[in-house]
Protein chains: 2
Amino acid sequence: MSERVATGESAEMYLKAICELMTTDPLVPISSLADRLGISVVSATEMVHRMRDQDLLEHKRYKGVRLTEEGRRGALDIIRRHRLWERFLVDKLKLPWEVSHDLACQLEHATGAEVVEAMATFLGEPTHCPHGNPIPTPDGTMTFRPGLSLETLKPDENCIVLRIRPETNAALSYLASHGMMPGVQVIVKSINAFDHLWTLEIGGQEEILSKAMVSRVVVQLVDDPTEDQEVEKEHV
Amino acid sequence: MSERVATGESAEMYLKAICELMTTDPLVPISSLADRLGISVVSATEMVHRMRDQDLLEHKRYKGVRLTEEGRRGALDIIRRHRLWERFLVDKLKLPWEVSHDLACQLEHATGAEVVEAMATFLGEPTHCPHGNPIPTPDGTMTFRPGLSLETLKPDENCIVLRIRPETNAALSYLASHGMMPGVQVIVKSINAFDHLWTLEIGGQEEILSKAMVSRVVVQLVDDPTEDQEVEKEHV
DNA sequence: ACGAGTTATAAGGTTAACCTTATAATAAAT
DNA sequence: ATTTATTATAAGGTTAACCTTATAACTCGT
């Protein structure tokens, strides 16, 4: 993770986007990529070709795109830079949790290895970003804390938020405004199967969220559901 | 100094360069500009035209370029961002003094007002960069500590280094390797008028520097030249 | 006041990263 | 198996920021 692998800011954005979209399927359709980056499919295809020529990825026609080992290294490098900047912005500069993502997007492209590693030391080698996602190590490893999607829970189940994912500013702001952030306790109150609305108790407050939002939250079950109030005190 | 005035990284570099070259003459020839930015005169001229159309500067044919009020504001904004990043890199990340300039050049373009001001607070509202140059205030003021060029001194004169200027990585590294940095005491030992070499005592070490390098150092005279050793202890 | 040297402009080229519109190839679903 | 929807490619355009080479305009020193 020492020398920069991608040429240009743009390629870095592509690598990061592919990495994020990879979680559902390792083969990422160019259309999803274009969609996420807010550019046309034609432009994305062009860029994919350029990146294929640089051995950053493979392209299976009509199927999608998959990172090569070199591409994966580059992607993790950028994600490391990104998440370290997020930690800095939140922990040191006390900037709001929700805006740190977009601000880090600017900074991540302007940071070489020397600065990133000095930052990591300065921040105390953090392992997770403020949104709960793991920070890749310099040797290219990224391990998620085991958890399950909030949408798999049933009413009355009790959990702690591990992370929000994928990270986009709009979603982060929205969830933050409902108190949804890593470390917070959530209890499923009821699920309306008809219009897909979830009523949740988030850190003691009752909130209603759509299934789409609920599906972005990864949690860890709290096995001991004796008295809600008691458990809450333990964990918040 | 809130909203960004310049379009693109490149324009920001031009503004900064003009501001630095302005110190000798308020009318900066395009050729000097091109020289400093390491680009062709034709390209610099093109860019100057674009920036003139954006009212960032005026161009007096065959004379040079002068910043408008808007351009000046933009330039000071970038210089503020740049010098705050330098302080961060040196003070917090403990990166070497000489490399901080180039690293800050990357970061300065990736930082909006919110981050810069949060940084300033975090750093304790510093007034000078690690090379001794003043950090502009958010309202667009920049005041130099009064000083004189080291090249105006005579043998046996005694001074403290205030700043190095203009900042370029090569010059900073070179001067740093000879112990020349703000706060250090310098005594002029002898000046060879023939090949323009200056023999100096820099922080107790005898060093030889060219006139070109000496001219980049701004100092403050030490009025009390009783016993060199004594004075040194007071000031280092 | 003229010629050397500087400065500006004109003309045409390059690259990266985007765009639109139109057509062709393939996958998936009836 | 054929239609529909997705995906890819072809063709041509745009913008910012650079480049070179050539020519024109101007300044300044003698």
Side-chain angles (χ1 to χ4, degrees), chain A residues 4-18 21-22 24-67 71 74-75 78 105-106 108-110, chain B residues 4-18 21-22 24-67 71 74-75 78 105-106 108-110:
Chain A
R4 213 85 150 248
V5 77
T7 17
E9 275 193 26
S10 201
E12 296 188 341
M13 295 297 274
Y14 278 77
L15 286 181
K16 209 172 52 151
I18 294 167
L21 294 169
M22 234 167 48
T24 31
D25 190 329
L27 224 38
V28 177
I30 293 189
S31 50
S32 320
L33 198 50
D35 202 56
R36 162 152 271 244
L37 294 169
I39 59 177
S40 78
V41 177
V42 178
S43 301
T45 308
E46 269 181 14
M47 189 54 161
V48 159
H49 289 340
R50 266 177 246 136
M51 292 173 74
R52 181 197 48 201
D53 296 345
Q54 295 179 259
D55 282 317
L56 294 172
L57 48 79
E58 293 161 26
H59 179 210
K60 297 242 189 272
R61 278 161 138 255
Y62 298 100
K63 291 300 170 67
V65 137
R66 165 184 282 127
L67 293 182
I78 295 148
C105 270
Q106 306 295 119
E108 69 193 13
H109 306 294
Chain B
R4 213 84 150 249
V5 77
T7 17
E9 276 194 25
S10 201
E12 296 188 341
M13 296 297 274
Y14 278 76
L15 286 181
K16 209 172 50 152
I18 293 167
L21 295 168
M22 234 167 50
T24 31
D25 190 329
L27 225 37
V28 177
I30 294 190
S31 48
S32 321
L33 197 52
D35 203 55
R36 162 151 272 242
L37 293 169
I39 59 178
S40 78
V41 178
V42 178
S43 301
T45 308
E46 268 181 13
M47 189 55 159
V48 159
H49 289 341
R50 266 176 246 137
M51 292 173 74
R52 181 196 51 200
D53 296 345
Q54 295 179 260
D55 283 315
L56 294 171
L57 46 81
E58 293 162 25
H59 179 210
K60 298 243 189 268
R61 279 159 138 256
Y62 299 100
K63 291 300 169 68
V65 137
R66 165 184 283 129
L67 293 181
I78 295 148
C105 271
Q106 306 295 119
E108 70 194 14
H109 306 295

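- B:His109 contributes atom NE2, which lies 5.0 Å from atom CD of B:Glu9 (distance to the nearest 0.5 angstrom).
- Contacts of A:Arg50 classified as salt bridge (charged side-chain N to carboxylate O under 4.0 Å, His left out), with partners at least two apart in sequence or in another chain: A:Glu46.
- Computed from coordinates, the B:Asp35 CG to C:dT6 P distance equals 13 Å when rounded to whole Å.
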Would you please test B:Gln106 and B:Glu108 for side-chain contact (heavy atoms from CB on, under 4.5 Å) and show each step? CA-CA 6 Å; B:Gln106 306 295 119; B:Glu108 70 194 14; over 6 Å; no
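- In this structure, B:Ser10 reaches the sugar-phosphate backbone alone: every heavy-atom distance under 4.0 Å involves primed, P, OP1 or OP2 atoms, never a base.
- Checked against side-chain contact (heavy atoms from CB on, under 4.5 Å), B:His49 has the following partners two or more places apart in sequence or in another chain: B:Thr45, B:Arg52, B:His59.
- Taking OG of A:Ser32 as the reference point, atom CE of A:Met22 lies at 13.5 Å (rounded to 0.5 Å).
- Within the 4.0 angstrom heavy-atom criterion, no nucleotide atom of any strand lies near A:Val41.
- The line from CG of A:Leu57 to CG of A:Leu67 is 6.5 Å long, rounded to the nearest 0.5 Å.
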Test B:Leu15 against B:Met51 for side-chain contact (heavy atoms from CB on, under 4.5 Å), laying out the working first. CA-CA 9 Å; B:Leu15 286 181; B:Met51 292 173 74; 3.6 Å; yes
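- The NZ atom of A:Lys63 sits 13.5 Å away from the CD1 atom of A:Ile30 when rounded to the nearest 0.5 Å.
- Atom-to-atom distance recorded for A:Leu21:CG and A:Leu27:CG is 12.0 Å, nearest 0.5 angstrom.
- Under the salt bridge (Lys or Arg N to Asp or Glu O under 4.0 Å) criterion, the residue pairs touching residues 28-41 of chain A are A:Glu20-A:Arg36, with sequence neighbours excluded.
- Here A:Ser31 lies in heavy-atom contact (under 4.0 Å) with sugar-phosphate atoms only.
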With the sugar-phosphate defined as primed atoms, P, OP1 and OP2, and the base as all remaining atoms, what B/S/- string results for nucleotides 25-30 of chain C, 5' to 3', for protein heavy atoms under 4.0 Å? BSS---
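- For DNA chain D, the contact window with chain A, defined by any atom under 4.0 Å from a protein heavy atom, covers D:dT7 to D:dA10 in 5' to 3' order.
- Atom CE of B:Met13 and atom CE of B:Met47 lie 10.5 Å apart (nearest 0.5 Å).
- The stretch residues 45-57 of chain B comes close to DNA chain D through B:Glu46, B:Met47, B:Arg50, each having a heavy atom under 4.0 Å from the strand.
- Taking for each of A:Gly8 and A:Val42 the nucleotide of DNA chain C with the nearest heavy atom, the 5'-most of the two is the partner of A:Gly8.
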